[in-house]
Amino acid sequence: MGGTVISLDGLQIGTRDDLTKAMESKGCESSSCGSSDAPEDMDPATWEKVKDHPCYSEEAHHYFARMHVAVAPACNIQCNYCNRKYDCANESRPGVVSERLTPEMAARKVIAVANEIPQLSVLGIAGPGDSAYDWKKTKETFQRVAEQLPDIKLCLSTNGLALPDHVDDLLDMNIDHVTLTINMIDPEVGTKIYPWIFWDRKRRTGLEAATILHERQMQSLDMLHERGILVKVNSVMIPGINDKHLLEVNAEVKRRGAFLHNIMPLISAPEHGTHFGLTGQRGPNAAELKELQDACAGGANLMRHCRQCRADAVGLLGEDRGQEFTMDLVPDEVSYDPTKREAYRDWVAEERGERRAAAEAAKSETAGAVAEDAAAMLVAVATKGGGRINQHFGHANEFQIFEVDAEGVRFVTHRRCDNYCVGGYGEEDKLELVIRTLEGIDTILCAKIGDCPREDLEKAGITAIQDYAYEYIETAVSAVYRARMGLPAGIAASA
Amino acid sequence: MALKIIKSQCTVCGACEFECPNAAIKFKGDTYIIDPALCTECEGHYDAPQCAEVCPVPNTCVPA
Ligand code: SF4
Ligand code: SF4
Ligand code: SF4
C-alpha cells in the first residue's frame, strides 16, 4: 500500500496557501458521492448533519475521513454472505479479519488517529458483528470517545434487529447517523438470505426468522426517522435472489424516510467459506449494478461512493491507513491535540466554497456551449481527495468515474483496480487490468503519467490527459467534454 | 449437567457470554470457557441452552 495512502505527514499547518500546496504535493482525494446534494438542495439542519460526513455527503467524502473500530464482535443473525470467522460482510468486505479492540483500546486509538489525520470527522462502529446487538461495547466506546472529542460524529451500522431497544440511547449520545442493512421487504425473499436469527431467547429459522427481522427493520427505520436521525440503508445485491426486489426495497425505504440508499454488490468467493461462496452464488458485475442503481435513481438518494470498507478502516474513503494505526503502534497514554483538526476545518470551509463556485462556473460554461441533448461522456479521474485531479496514474488504486453532459458533471461510481505501479515501473499485466477496469471509458485525467503507459493506453483506445493536474475535477471534466464536442476547452489547460 | 465450548471452533465473538443467564461463561486467556459449576444448561430459565442457540458456529457449544 506504500505509495497509495494519502500521506499528510508533511502537512504543515500554516496559512491556507501552505495547506493547499501541501495537499497538492502530497495528494488527497476527489469530487462527488453519497447524496450529491449541495447545501442549497437541503434544509439547513440536514446539511449541518451531513456536511462533514464522508458517507452521507458525496461532497464531504473528498475532504473528510472516517475510521471504524472493531469493538462489536457478537451478532444476532446469520447471513448467507457472511462467515463468522471473518468480519461482518454487511459493510466490510468479506474474508477480512479486523483488529478487535476493547472499548478502552478503541478510544485510545481514535485519539491517536485524530492527532495524526486532521480530516477525521466520523467514528463508525460496523462490527465485526452487529453494533446494536453488542450494544454495551458500542456504547462504552462512543462514550469514551465523546468525552475527549466532543465534535466527532458518531455512527453505527446494524442489521436492525436489536436497534429499537437502543434508540433512546442514541438520542442521549447525539448519534445522528445510522446505517441499516436491509436486503428485503418480503420475508419470502429473506428466507433465501437469512438461515436464522436469535430472537427473544430462541433461534428462529425460515419464514418466522425473516418476518421478525423484516418487522424489526421497518420499526427501526420508522423510529429513527421520527427522531430526526439520518438513516442510510445498505442493501447487498444478490443476483437471482433480491436484485429485482431491491427496486421495491428502494421505494419502501424512501417512503419511510431513509436519507440515502446504498446498493452494494455481493462479494462472493468459495475461499470466504460463506454459504453463498460455497454454493457458487455469484455477485453482480459492474454493468448490472449500475443498471439497478440507475433504475433506483428516482427513489431515495443513491449512494454511489461506498467502498465496503473494513470494520477497522482508517482514512478517506478509498484508502485505508489502518495498518499505520494498529494497536501496537498506539501509545499507552495519548492526549488529544486539537490544533491540526481545527486548522484543517478552517481550510476546508474556504476550499469547498471555491470548489463549488468552480463547479458552477464550469457547468454554466458547458450548458451555454453544448446542445441540450448532446450525448453524455464518461471520464475516469485519478484523485487523492480534495476534489482535485491530483494523483499519479501509476499510484491510482481506483478511478472515480464522472459523467458529464449539458446538465453538468456528476460522480457516477468508483472502479477499483490493483495498484498498477508499485515500485515506479509499471508491469504489463497490471496495465491490462486497468484497461479492463475502465471498459467503456476512453479518457483518464491524472496528475501525471509516464510515456510508456500513456502509449499503451493509447493503443487500447484510452487517452490519458495530464494537462489538468491539480485542477478541480468539475472544471477539468467540463473542459474535456467541451473539447470532445468540438468547442474550445475554455480554461487554460495548465492554469 | 453442563455445556462446554469447543475451543478450536470458537470465533471469540462473546455472544454466548452475555446471553448466559448464570454468568457461567468467561473470557480466559484467548478464548471463552464455561464454568461447569455455574452452568445449568439454562434449565429453569429458558427452553434451550442460550449459548448454543446464539453461537454462530454449529456444534461449538455442546454437552460436556
Ligand atoms: S463502508 Fe461505505 S458507508 Fe461505510 S465508511 Fe465505507 S463508504 Fe462509508
Ligand atoms: S447452557 Fe445456559 S447456563 Fe450453561 S453456559 Fe450456556 S447459556 Fe450459560
Ligand atoms: S458464541 Fe460461540 S463463537 Fe461466539 S464466543 Fe461463544 S462459543 Fe465462541
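Chain letters run A, B, ... following the sequence lines, proteins first and then strands; every chain starts at 1. For clarity, every value in this text was computed on a predicted model and none was experimentally measured.
Legend: residues meeting ring-ring contact (aromatic ring centres under 6.0 Å, His included) with A/His275, ordered by chain and number and at least two apart, are absent.
Between the CD atom of A/Gln78 and the SG atom of B/Cys55 there is a distance of 10.0 Å, given to the nearest 0.5 Å.
Of residues 7-16 of chain B, those residues with a non-hydrogen atom less than 4.5 Å from any non-hydrogen atom of chain A are, in numerical order, B/Thr11, B/Val12, B/Cys13, B/Gly14, B/Ala15. Within residues 209-216 of chain A, no residue approaches chain B closer than 4.5 Å by heavy atoms. Residues of residues 46-54 of chain B lying under 4.5 angstrom from chain A, judged on non-hydrogen atoms, are B/Tyr46, B/Asp47, B/Gln50, B/Ala52, B/Glu53, B/Val54 in numerical order.
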query: Taking it one step at a time, do B/His45 and A/Arg201 satisfy side chain to side chain contact (heavy atoms under 4.5 Å, CB included)?
result: CA-CA 10 Å; B/His45 287 274; A/Arg201 302 282 157 201; over 6 Å; no
- prompt: What do the steps show when you test B/Phe18 against A/Tyr133 for side chain to side chain contact (heavy atoms under 4.5 Å, CB included), and what is the final call?
  reply: CA-CA 10 Å; B/Phe18 70 72; A/Tyr133 174 62; 3.5 Å; yes
